[in-house]
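Please read these numbers as outputs of a predicted model, since none were measured by experiment. One-based numbering, in listed order, for ligands and for the atoms of each. What's counted below: heavy atoms across the whole structure, side chains too, no hydrogens, waters or symmetry copies.
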Amino acid sequence: MLAAVQKNATRGDPRSVVKAIDQFCRQKEWAMNVGDEKGCILDSVVTEVNPATVLELGTYCGYSTVRIASLLPSNAKLITLEFNPDYAAIARQVIAWAGLEDKVQLVEGASGDWIPKMKEKFGIETFDLVFLDHWKDRYLPDTKLMEECGLLRKGSILLADNVICPGTPDYLEYIRNSPRYKSQYFKSHLEYTKVEDGLEKSVFLG
Ligand SMILES: Nc1ncnc2c1ncn2CCOCCNC(=O)c1cc(-c2ccc(F)cc2)cc(O)c1O
Ligand SMILES: [Mg+2]
């Protein structure tokens with residue numbers, strides 16, 4: 001995938017990086033990027049929220065990191081957490097190829113360990129937008145952890161990938177029934193397939 005980016009994408013051009021990855025995943029080898037169909041929904045949410053602070057849980061190869069960072073205002077900050085060092089190494093190179101390293105802070109480690117350290121380590125008060133795309137059974141515990149750590153403010157937006165496939169039933173149950181969130185489901189498809197999947201957008205009400 002990285003070779004495909006370096007061969008087919010233009011340095012400093014995030015759209016060409018996104019296009020090169022999508023082309024590779026359609027033609028050569030499926031990979032668990034959010035993909036172009038759900039990616040367009042992600043883009044519209046990022047544009048609408050116009051966040052100054054973003055947390056991405058699960059960088060993988062940096063595809064959604066590049067999509068988000070390319071839409072951020074110049075002073076905005078995107079922190080992305082990746083557990084797998086091999087994925088993180090690739091993501092750093094993909095993000096650099098897109099010319100977005102100044103907007104992105106890639107942190108290696110487990111979300112459960114890092115979320116409680118966000119304020120002290122990165123000087124973050126609260127996140128305007130959180131993109132959940134990591135282990136599906138971590139969505140709920142990490143959302144509760146972010147609440148407890150005071151990382152969400154009235155109006156913070158959570159956008160969760162894969163709520164249908166692979167699925168995050170406990171997260172959906174919680175977020176759709178909690179009086180502290182207003183949720184909306186965006187029906188779509190699993191990246192590069194015809195399988196149903198979707199994004200759940202939730203506003204924290206404080
Ligand atoms: N900082 C952190 N803390 C904790 N854990 C962390 C972490 N950073 C990473 N991880 C670990 C997991 O990261 C990858 C999670 N993503 C997926 O598993 C995923 C799977 C599919 C999929 C696969 C096979 C099918 F057949 C159908 C669908 C599709 C997707 O869109 C997915 O996003
Ligand atoms: Mg995903």
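Those atoms of ligand 1 with a heavy atom of D161 less than 4.0 angstrom away are 31 (O). Each of the atoms 3 (N) of ligand 1 lies under 4.0 Å from some heavy atom of A110. The contact set between ligand 1 and E191, taken as ligand atoms under 4.0 Å from a residue heavy atom, comprises 29 (C), 30 (C), 31 (O). Within the listing of ligand 1, atoms 1 (N), 2 (C), 3 (N), 4 (C) sit less than 4.0 angstrom from a heavy atom of S111.
Among the backbone and side-chain atoms of N162, an N/O/S atom is found under 2.8 Å from the Mg ion (ligand 2). Backbone or side-chain N, O or S atoms of E191 do not reach the Mg ion (ligand 2) at under 2.8 Å.
When only interatomic distances are considered, the shortest N/O to N/O separation between K136 and ligand 1 falls below 3.5 Å. When only interatomic distances are considered, the shortest N/O to N/O separation between N84 and ligand 1 does not fall below 3.5 Å. No N or O atom of W30 sits closer than 3.5 Å to an N or O atom of ligand 1.
Remark: of the listed residues V17, V66, L78, V66 is the sole one forming a side chain to side chain contact (heavy atoms under 4.5 Å, CB included) with L100.
Ligand 1 does not have R138 within reach: every non-hydrogen atom of the residue lies 4.0 Å or more from it. Residue contact annotation: W135 has a non-hydrogen atom under 4.0 Å from ligand 1. Not a single heavy atom of L57 sits less than 4.0 Å from an atom of ligand 1. Using a 4.0 Å cutoff on heavy atoms, N162 counts as a contact of ligand 1.
Residues E200 and R176 are paired through a salt bridge, judged by an N-O separation under 4.0 Å between the basic side chain and the carboxylate. Salt bridge annotation for K187-E37: absent, with no cationic side-chain nitrogen under 4.0 angstrom from a carboxylate oxygen. Using a cut-off of 4.0 Å between Lys/Arg side-chain N and Asp/Glu carboxylate O, R153 and D128 are scored as salt-bridged. In summary, R67 and D36 engage in a salt bridge, as defined by a charged side-chain N under 4.0 Å from a carboxylate O. Ion pairing between a basic and an acidic side chain is recognised when a charged N comes within 4.0 Å of a carboxylate O; K194 and D197 show no such pairing.
For atom 9 (C) of ligand 1, the nearest protein heavy atom (residue, atom name, distance) is E82 OE2, 3.3 Å. Taking atom 13 (O) of ligand 1 as the reference point, the nearest protein heavy-atom neighbour is H134 CA, 4.1 Å. The nearest protein atom to atom 14 (C) of ligand 1, hydrogens excluded, is given as M32 CE, 3.8 Å; this is a heavy-atom distance.
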Please list, one pair per line, the donor and acceptor atoms closer than 3.5 Å that link side chains of residues 103-110 to other protein atoms, with sequence neighbours excluded.
residue	atom	partner	partner atom	Å
K103	NZ	L72	O	2.9
E108	OE2	R92	NH2	3.2

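As for D133, its N/O/S atom nearest the Mg ion (ligand 2) is the one called OD1. The N, O or S atom of D161 lying closest to the Mg ion (ligand 2) is OD2.
Ring pair F83/W114: centre-to-centre distance not below 6.0 Å. With ring centers used as reference points, Y139 lies under 6.0 Å from H134.
Within the 3.5 Å criterion, the main-chain N or O of T10 finds a donor-acceptor partner in the side chain of S16. Judged purely by atom type and a 3.5 angstrom limit, N33 has no side-chain atom pairing as donor or acceptor with the backbone of G35.
Comparing heavy-atom distances from atom 2 (C) of ligand 1 across G109, A88, G58 singles out G109 as nearest. Residue nearest to atom 27 (C) of ligand 1, selected from L81, L190, T193: L190 (by heavy-atom distance). The nearest non-hydrogen atom to atom 6 (C) of ligand 1, considering only W114, Y87, F83, comes from F83.
Both tests pass for K144 against the ring of Y174: distance under 6.0 Å to the centre and angle within 45° of the axis.
For the pair T168/L132, no side-chain contact is recorded, criterion being any heavy-atom separation below 4.5 Å from C-beta on.
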